[in-house]
Amino acid sequence: MIGITVTVDADHLDNIEAVGAALRLRGMRVDQVHDTIGIISGAVGEEECAVLESVPGVQSVETENTVQIPPPDANPQ
């Protein structure tokens with residue numbers, strides 16, 4: 001599963017819980033619903049990620065970036 005952040009469009013902010021429920025039906029594990037800013041965060045399988053953009057009320061779906069820092073004793077070059 002990959003971490004994602006879903007932005008809910010302005011027309012659906014009053015029904016953000018319904019958008020979250022629709023995302024769950026399409027395979028998203030919803031971790032948090034930030035109703036004051038219109039963001040839903042969670043995780044989904046890579047195959048289902050593209051499907052989430054078709055959910056009514058979804059403005060965008062962004063995957064989380066992961067940064068890995070080498071251990072202190074590693075040779076960076």
Side-chain angles (χ1 to χ4, degrees):
M1 292 190 98
I2 55 173
I4 61 169
T5 301
V6 176
T7 303
V8 177
D9 68 33
D11 294 336
H12 290 83
L13 289 178
D14 291 340
N15 296 322
I16 194 168
E17 292 295 335
V19 175
L23 292 169
R24 283 185 190 96
L25 287 174
R26 287 170 180 79
M28 179 177 174
R29 183 191 75 217
V30 174
D31 295 333
Q32 290 186 315
V33 176
H34 307 277
D35 55 351
T36 56
I37 58 173
I39 299 290
I40 300 173
S41 58
V44 69
E46 289 186 43
E47 309 82 38
E48 291 87 12
C49 192
V51 175
L52 299 181
E53 292 182 354
S54 66
V55 172
V58 171
Q59 181 175 325
S60 65
V61 177
E62 297 179 36
T63 58
E64 293 180 358
N65 295 324
T66 303
V67 177
Q68 292 187 340
I69 300 173
D73 59 344
N75 185 1
Q77 296 279 330

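For the pair G42 and M28, the tightest heavy-atom approach, listed with the atom from each and the gap, is N-CE, 3.7 Å. What you find for V55 and A22 is that their closest heavy atoms are CG1-CB, 3.7 Å.
Residues meeting the side chain to side chain contact (heavy atoms under 4.5 Å, CB included) test with I2, sequence neighbours left out: I4, V44, E46, C49, T63.
In this structure the side chain of S41 reaches within 4.5 angstrom of the side chain of H34, judged on heavy atoms.
For the atom pair I40 CD1 and I16 CD1, the distance stands at 4.5 Å (nearest 0.5 Å).
For the salt bridge (Lys or Arg N to Asp or Glu O under 4.0 Å) condition, the pairs that include at least one residue of residues 30-40, sequence neighbours left out, are R29-D31.
Considering V51, L52, V33, V8 in turn, L52 is the only one that fulfils the side chain to side chain contact (heavy atoms under 4.5 Å, CB included) rule with L23.
Sparse packing is recorded around CD1 of I69, with 12 or fewer heavy atoms of other residues, nucleotides or ligands lying under 6.0 Å away.
Here the side chain of N15 pairs no donor or acceptor atom with the backbone of A18 at under 3.5 angstrom.
Cluster membership for M1 and V6, using ILVMFWY side-chain heavy atoms within less than 4.5 angstrom, is not shared. Both V19 and L13 are members of a single hydrophobic cluster when ILVMFWY side chains are connected at heavy-atom separations under 4.5 Å.
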